[in-house]
Protein chains: 2
Amino acid sequence: MVFMQFSTGIKYSESDLEKAKTYRAKDYPEYVDPAIEALVREMMSGFADKWTVEILDALWDAGTLRFSKLARRVSGISQKMLTQTLRRMERDGLVVRDLYPEVPPKVEYSLSPLGLTRGAAFCNVWVWALENHEAVAVARSHFDANRR
Amino acid sequence: MVFMQFSTGIKYSESDLEKAKTYRAKDYPEYVDPAIEALVREMMSGFADKWTVEILDALWDAGTLRFSKLARRVSGISQKMLTQTLRRMERDGLVVRDLYPEVPPKVEYSLSPLGLTRGAAFCNVWVWALENHEAVAVARSHFDANRR
DNA sequence: CGGTATCCACTTAGATACTG
DNA sequence: CAGTATCTAAGTGGATACCG
């Protein structure tokens, strides 16, 4: 499996912790429309559920995929969840659905420009996950050992 | 409400779409241990549910918060979900829990170094969400209008 | 092929009550 | 104060069957 490409020159090291602390130090108390804030928060959590991440990843790697190809590529997904998640992503403007009215029908999915920028923004998180999965595994076994 | 600070110099513009396309063009077919892949994928989706994001955001902004302060800061969260989510984040090594054995008890929560780097990695996604919420809103209303 | 519709087992999270 | 325990309503996703 190919994770989202991360050979972007963006790397996280010790200095990033310092940067992180620096960001936190400042405070930007600015007014934000509650409706917009709600949408932004929804975009943070709602766009990062399991299937959305996997589909975004698959389309990121493959570029364009038919429904059935996508189903085979995203292992474990049911037809219902694939349809449902694709429909939501299409509605949110992340995915483009191209229907070819042939018999049998052919439907191709790909990332929209918006979906591509989302993928780009997500690259750092992939990098973080790839670089820190061991730290998480250690933290878990340590916690479980101490807490029984 | 203060979103995660994003005055990092990292900005997304038209050129980022080009970059995104460039990333996608290359392919890195390398073997990954299935157990590690599963953990990495879990870290992508499981660490981005609603409450985890909100708690990470709150602790990122505030630095250190007591349980009750956190409860007031994360609007709408129930005591149960706050406890549950904090426990999971602590287990995953994202959050540090400091217990002061006084009466009444005092418990302080803060982000671990790992949690801070996660927050830093997430900054781009906040930037993306803040810059593109209107695009999403437009996409939705367009989709709803056409599909009825 | 690419869906939709229905049913149902399971999970989830809020409300409430209680505690060291 | 900072939890735990219990109950329950609502949501979620898989399996299955059917359709244009």
Side-chain angles (χ1 to χ4, degrees), chain A residues 38 41-42 44-56 58-59 62 64-92 95-111 143-144 146-148, chain B residues 38 41-42 44-56 58-59 62 64-92 95-111 143-144 146-148:
Chain A
R41 291 189 173 279
E42 189 201 330
M44 291 302 293
S45 52
F47 288 20
D49 69 292
K50 179 177 177 181
W51 297 130
T52 303
V53 169
E54 308 248 0
I55 290 172
L56 191 54
L59 290 177
T64 298
L65 288 171
R66 293 183 64 162
F67 185 86
S68 48
K69 282 266 183 190
L70 205 39
R72 256 168 272 129
R73 194 157 175 140
V74 179
S75 75
I77 197 170
S78 65
Q79 196 180 39
K80 178 185 173 183
M81 288 315 295
L82 183 55
T83 303
Q84 204 173 100
T85 309
L86 280 171
R87 210 61 79 231
R88 195 169 348 116
M89 293 174 81
E90 189 194 355
R91 184 173 111 95
D92 291 334
V95 154
V96 177
R97 178 178 183 271
D98 287 312
L99 166 67
Y100 298 84
E102 309 166 352
V103 183
K106 174 177 162 184
V107 181
E108 286 187 343
Y109 291 93
S110 56
L111 293 183
F143 182 92
D144 294 345
N146 286 28
R147 271 274 163 178
R148 186 166 10 269
Chain B
R41 291 189 174 278
E42 188 201 328
M44 291 302 294
S45 52
F47 289 20
D49 68 294
K50 179 177 177 181
W51 297 131
T52 302
V53 169
E54 308 248 1
I55 290 173
L56 192 53
L59 290 177
T64 297
L65 287 171
R66 293 184 63 165
F67 185 86
S68 49
K69 282 266 183 189
L70 205 39
R72 255 168 273 129
R73 195 155 176 142
V74 179
S75 77
I77 197 169
S78 65
Q79 196 180 35
K80 178 185 171 182
M81 289 314 295
L82 183 55
T83 303
Q84 203 172 102
T85 309
L86 280 171
R87 210 61 79 229
R88 195 170 349 115
M89 293 174 80
E90 189 196 353
R91 178 173 181 268
D92 290 335
V95 153
V96 177
R97 179 179 182 267
D98 288 311
L99 167 66
Y100 298 85
E102 308 165 354
V103 182
K106 175 178 162 184
V107 181
E108 285 188 344
Y109 291 93
S110 56
L111 293 182
F143 182 91
D144 294 346
N146 286 27
R147 273 272 163 177
R148 181 153 3 273

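Chain identifiers are assigned alphabetically (A, B, ...) following the order of the sequence lines, protein sequences preceding nucleic acid strands; residue numbering begins at 1 within each chain. When reading the values below, keep in mind they use all heavy atoms of this one structure, side chains included, and skip hydrogens, waters and symmetry mates.
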Engineer: Mind calculating the distance between CD (Glu108(A)) and C1' (dC1(C)) to the nearest angstrom?
Structural biologist: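 Going from CD in Glu108(A) over to C1' in dC1(C) covers 13 Å.
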Engineer: Below the 4.0 Å mark, does dC1(D) have OP1 or OP2 next to a side-chain nitrogen or oxygen of Tyr109(B)?
Structural biologist: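 So the side-chain polar atoms of Tyr109(B) never come under 4.0 Å of the phosphate oxygens OP1 or OP2 of dC1(D).
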Engineer: Whether Arg72(B) contacts dA2(D) is assessed here as follows: a side-chain N or O lying under 4.0 Å from the phosphate OP1 or OP2. Is that the case?
Structural biologist: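 Indeed not, no polar side-chain atom of Arg72(B) lies that close.
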Engineer: Looking only at side-chain atoms of Arg66(A), point me to the closest of dG14(C), dG2(C), dA2(D).
Structural biologist: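 Of the options given, the side chain of Arg66(A) lies nearest dG2(C).
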Engineer: Of the nucleotides dC1(D), dA15(D), dA17(D), which one has an atom closest to the side chain of Lys80(A)?
Structural biologist: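 Looking only at heavy atoms from C-beta outward on Lys80(A), the closest nucleotide is dA15(D).
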Engineer: How close or far is atom C1' of dT11(C) from atom CG of Asp49(B), stated in whole angstroms?
Structural biologist: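 Atom CG in Asp49(B) sits about 14 Å away from atom C1' in dT11(C).
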Engineer: Please state whether the phosphate of dG2(C), meaning OP1 or OP2, lies under 4.0 angstrom from any side-chain nitrogen or oxygen of Ser68(A).
Structural biologist: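 Yes, Ser68(A) has a side-chain N/O under 4.0 Å of OP1/OP2 on dG2(C).
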Engineer: Return the CD1 to CZ distance between Ile77(A) and Arg72(A), rounded to the nearest 0.5 Å.
Structural biologist: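 Result: 13.5 Å between the selected atoms.
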Engineer: What's the separation between atom CD in Glu42(A) and atom CG in Asp92(A), rounded to the nearest 0.5 Å?
Structural biologist: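 Interatomic distance, Glu42(A) CD to Asp92(A) CG, rounded to 0.5 Å: 7.0 Å.
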Engineer: Under 4.0 Å, counting only non-hydrogen atoms across every strand here, what does Gln79(A) touch: a base, just sugar-phosphate, or nothing?
Structural biologist: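 Base, at least one base heavy atom under 4.0 Å.
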Engineer: Between dC1(D) atom P and Leu70(B) atom CG, what is the distance in whole Å?
Structural biologist: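 So the two atoms are 14 Å apart, to the nearest Å.
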Engineer: Closest approach to the side chain of Pro104(B), judged atom by atom: which nucleotide of dA2(D), dC1(D), dG3(C) is it?
Structural biologist: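 Closest of the options to the side chain of Pro104(B): dC1(D).
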Engineer: Where each residue is assigned the nucleotide of DNA chain D containing its nearest heavy atom, which of Phe67(B) and Trp51(A) is assigned the position nearer the 5′ end?
Structural biologist: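 The residue closer to the strand's 5' end, by nearest nucleotide, is Phe67(B).
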Engineer: What is the distance, rounded to the nearest whole Å, between atom CE of Met81(A) and atom P of dG11(D)?
Structural biologist: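 Distance, rounded to whole Å: 15 Å.
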Engineer: When the distance from NZ of Lys50(A) to P of dT12(D) is rounded to whole Å, what number comes out?
Structural biologist: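 Value for this atom pair: 16 Å.
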Engineer: Rounded to the Å, how far apart are Arg88(A) CZ and dG3(C) P?
Structural biologist: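 After rounding, the reported distance stands at 15 Å.
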Engineer: Taking the side chain as every heavy atom from C-beta outward, state whether Phe67(A) and Gln79(A) have any pair of such atoms under 4.5 Å apart.
Structural biologist: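 They are in contact (side-chain heavy atoms under 4.5 Å apart), so the answer is yes.
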Engineer: Taking Thr85(A) for its side chain and Met81(A) for its backbone only, find out whether a donor-acceptor pair lies under 3.5 Å.
Structural biologist: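 Yes, the answer is positive, given that a donor and an acceptor are paired below the 3.5 Å cut-off.
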Engineer: Is there a side-chain contact (heavy atoms from CB on, under 4.5 Å) between Glu54(B) and Lys50(B)? Walk through the geometry before answering.
Structural biologist: CA-CA 6 Å; Glu54(B) 308 248 1; Lys50(B) 179 177 177 181; 4.0 Å; yes
Engineer: Rounded to the nearest angstrom, tell me the gap between atom NZ in Lys106(A) and atom P in dG2(C).
Structural biologist: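 Spelled out: NZ on Lys106(A) to P on dG2(C) is 9 Å.
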Engineer: Out of dG3(C), dT4(D), dG13(D), which nucleotide sits closest to the side chain of Val107(A)?
Structural biologist: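 Side chain of Val107(A) sits closest to dG3(C).
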Engineer: Tell me which of Lys69(B) and Gln84(A) sits closer to the 5' end of DNA chain D, going by the nucleotide each one is nearest to.
Structural biologist: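 Nearest nucleotide further toward 5': that of Lys69(B).
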Engineer: Tell me whether the OP1 or OP2 atom of dG3(C) has a side-chain N or O from Arg87(A) closer than 4.0 Å.
Structural biologist: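 Affirmative; the distance criterion is met.
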Engineer: Rounded to whole Å, how long is the line connecting atom CD1 of Ile77(B) with atom P of dT12(C)?
Structural biologist: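 The answer, rounded to whole Å, is 16 Å.
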